[in-house]
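As a basis for the values below, the full set of heavy atoms in this structure was taken, side chains included, without hydrogen atoms, waters or symmetry mates. Each ligand, and each atom within it, is numbered from 1 in the order the structure gives. Note that the structure is a prediction, hence the values are computed from the model and not measured.
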Amino acid sequence: MTDLFQQDIKFLNGVGPKRAELLNKELQIFTFGDLITYYPYKYVDRSKFFSTDEIDSKLAYIQLKGRISNFRQEGGRGRKRLVADFIDEAGSLQLVWFHAAKWIKSSIQPEKSYVVYGKPSIFQGVYNIIHPEIEEAEQYETKVSTSIQGLYNTTEQLKNNYINSRVLQKLLNTLIKKVMGLVHESLPTYLCNKMNLISREEALVNIHFPGSRDLLNKANFRLKFEELFFIQLHLLKQKTIRKEKSNGFVFSEVGKLVNGFYHNYLDFNLTDAQKRVIKEIRQDLGSGKQMNRLLQGDVGSGKTLVALMSILIALDNNYQTCLMAPTEILANQHFDTITKLTNKLDITIRLLKGSTKKSERGIIHKELLDGNLDILIGTHALIEDTVIFKNLGLVIIDEQHRFGVAQRASLWKKNIQPPHMLVMTATPIPRTLAMTLYGDLDVSVIDEMPPGRKPVKTMHFTDSQRNKVFGFLREQIEKGQQIFIVYPLIQESEKMDYKDLEDGYESISRAFPPPKYAVSVVHGKMKPNEKGISMKHFVEGRTHIMVATTVIEVGIDVPRASVMVIESAERFGLSQLHQLRGRVGRGSDQSYCILMSKEKLSGDAQKRLQTMVHTNDGFEISEVDLKLRGPGDMEGTQQSGLALNLKIAKLGQDSQILQLARDQAELILDSDPGLTKNENQVLLQQLKINYHKSMNWGSIS
Ligand code: ADP
Ligand code: MG
């Protein structure tokens, strides 16, 4: 049966070579199988007819019945359109076309009744429907068998070539009739029974042409489950294979350095979460298999210390380590922190950045090869070909969402045997997404903050309340606190953003004049050493306020900074707001995050700012973010290298189904890791089909 699904779409009745080309190009539909999995994006109840006096522009798609007449051209150059009147018993509205005008005019007859279908909008006080779907009422009545009808997304190009939602529905009708009775089942019977799933065929029929609400729900569940299940099955299987195959260095010693550091030089207790995570890492490092672990922990949860302990384990076993950070500022900070923490230990640490001088690089390269360098900290510069280690045993990557998969892999290549890998991220990823994106990594979570931290208080003010905010900032400075003021920076409007920053800096310098106050400024256009000096002044407490673009977003640790002011906060995404807020609240004093915005906000912006005021929990925030934006836009997903390409499931909404799918996949692999049992052959087959397909995709794009 798979053969029929793999048939070229051009062979379907009603398609042909020209339409096939369009479907290929516009919707990536190449085969029967692609078309049958091109699901409606929504459904409408077509048993109801609206009348023209019930309309308002907030309505989604509606259908009306009446006559169409009085065709005319309106509008001038560029905006020419064909307009007609639609009239029913209650009144009238306008129908509007920007394309394909001739064809429509000649096919409509004024004395006939039509069913008109579309989304009403209002233009210059008159209701209209742009590019309505039109069908003769007589035909419509003989044809429609179900009252719930699917709507299909199309593109401009398709519409220009008369392929609208209705045409796709017709093609699907033809296709469904063709494959009826021939659709193979992709899940084993025992699983269908257990999960109460309808058959694949029944699901495919009802997702396109629902027999009832209930059947539509069942079809949805079946297809979502199947989609998520196979992703999980694939990821979990990959993970098992990786673990079997990839031997890792065995770090059996927990020796002098770790113990010495822990007992003699660490001047606070680890949190329980830190202890638990270090234990997980130690087990990996001693297991003989290569570690591939993601460490999630909110900003300020103490990931750096976990990194250091892991590094010391590697050193105790005579391996070199490196720690890679996404920015020079952060690399500097890691270097300073780790150098300070380990100053009583006999180890060599060096810093390598883009701006490192040639002579110093020479020394570093030599020491790396000799094995005299224990810890190399740096930026992207670490992945250059000239950086060769004698025996790299452990790689730590901070803020991993900023590095691509390819970059991660190039660090691997530095050894014959891949080093252990620990990637740390402060961007909390909802469990559902982590499961899917990082399903083949092991995940550790630090879910506890070091003791003595007071949660940051978050407040939202509009621009008109600025004087009040400045007053509050002065009070805080009186108390010896330092302040960040951050301006958004997005690439598309960089110039304007820098103007905002400059204006802001000026007005803040005026409101906080010397000699009483000192203000630093840091932004991406400054040279690295200028930035460094400005940062240093602030870190050392010589300036009260730091005005910055989002360059400070990542990882800066200034315990005395207790106020974060975010300008134009409505322009930031939730995860970014949360990251920025994490820059304060590191000392023992009460900290504040002040969100400044304009008066009028969009619904989404309102929701983002409310969420920030309402919670400090990074995971809760990331769940809201996922719901607002969808996974495609979540930070970290674009670069994760895993194109999800989900056709029906939605990670934001279907987390429960995902969990069910994950559990079942785990259960099955536990009892049959190689999927060799008879009843699981169908799974193996489907995995091959899916996997094969995705390989083809890769080579096409
Ligand atoms: P992260 O990298 O997770 O954002 P850091 O590792 O930079 O967090 O830690 C934030 C601050 O908390 C640092 O100043 C660090 O020294 C301190 N810290 C870390 N762990 C503890 C602990 N167990 N007890 C007290 N302070 C800690
Ligand atoms: Mg950090």
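Near T304, with a cut-off below 4.0 Å to any heavy atom, the atoms of ligand 1 are 2 (O), 5 (P), 6 (O), 7 (O). Residue contact check: D298 has heavy atoms under 4.0 Å from atoms 3 (O) of ligand 1. Annotation for ligand 1: atoms under 4.0 Å from non-hydrogen atoms of T271 are 23 (N). Set against the non-hydrogen atoms of G302, the atoms of ligand 1 under 4.0 Å away are 1 (P), 3 (O), 5 (P), 6 (O), 8 (O), 9 (O), 19 (C).
Distances from ligand 1 to the non-hydrogen atoms of R453 include at least one value under 4.0 Å. Note on ligand 1: V306 sits outside its first shell, no heavy atom being nearer than 4.0 Å. Within the structure, the closest approach of S301 to ligand 1 falls below 4.0 Å when heavy atoms are considered.
When heavy-atom distances to ligand 1 are checked against a 4.0 Å cut-off, N269 comes that close only through its backbone atoms N, CA, C and O. When non-hydrogen atoms are compared, ligand 1 lies under 4.0 Å from neither the backbone nor the side chain of I446. Contacts between L270 and ligand 1 below 4.0 angstrom, taking non-hydrogen atoms only, involve the backbone exclusively. Only the side chain of Q274 comes within 4.0 Å of ligand 1, judged by heavy-atom distances.
Under 3.5 Å, the side chains of T379 and E328 contain no donor-acceptor pair of N or O atoms. Judged by distance alone, the side chains of N332 and K353 do bring a donor and an acceptor atom under 3.5 Å apart. For the residue pair Q659 / D663, a side-chain donor-acceptor distance below 3.5 Å is found, with atom types taken as modelled. At a cut-off of 3.5 Å, with distance as the only test, a side-chain donor of D298 or H578 sits close to an acceptor on the other residue.
Using the six-membered ring where Trp is involved, F251 and H420 have ring planes that are perpendicular, over 60° apart on the 30 and 60° scheme.
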**Message:** Walk me through whether I349 and T342 qualify under side-chain contact (heavy atoms from CB on, under 4.5 Å).
**Reply:** CA-CA 10 Å; I349 312 173; T342 59; 3.4 Å; yes
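Applying the side-chain hydrogen bond (donor to acceptor under 3.5 Å, both in side chains) test to R293 and every residue at least two apart in sequence or in another chain returns D284, S444. Under the side-chain hydrogen bond (donor to acceptor under 3.5 Å, both in side chains) criterion, Q481 pairs with S562, D589, not counting sequence neighbours.
On a distance-only criterion, G300 and ligand 1 share at least one N/O pair closer than 3.5 Å. For the pair P450 and ligand 1, the shortest N or O to N or O distance does not fall below 3.5 Å.
Note that CZ of R453 and CG of N616 are 12.5 Å apart. Values are rounded to the nearest 0.5 Å.
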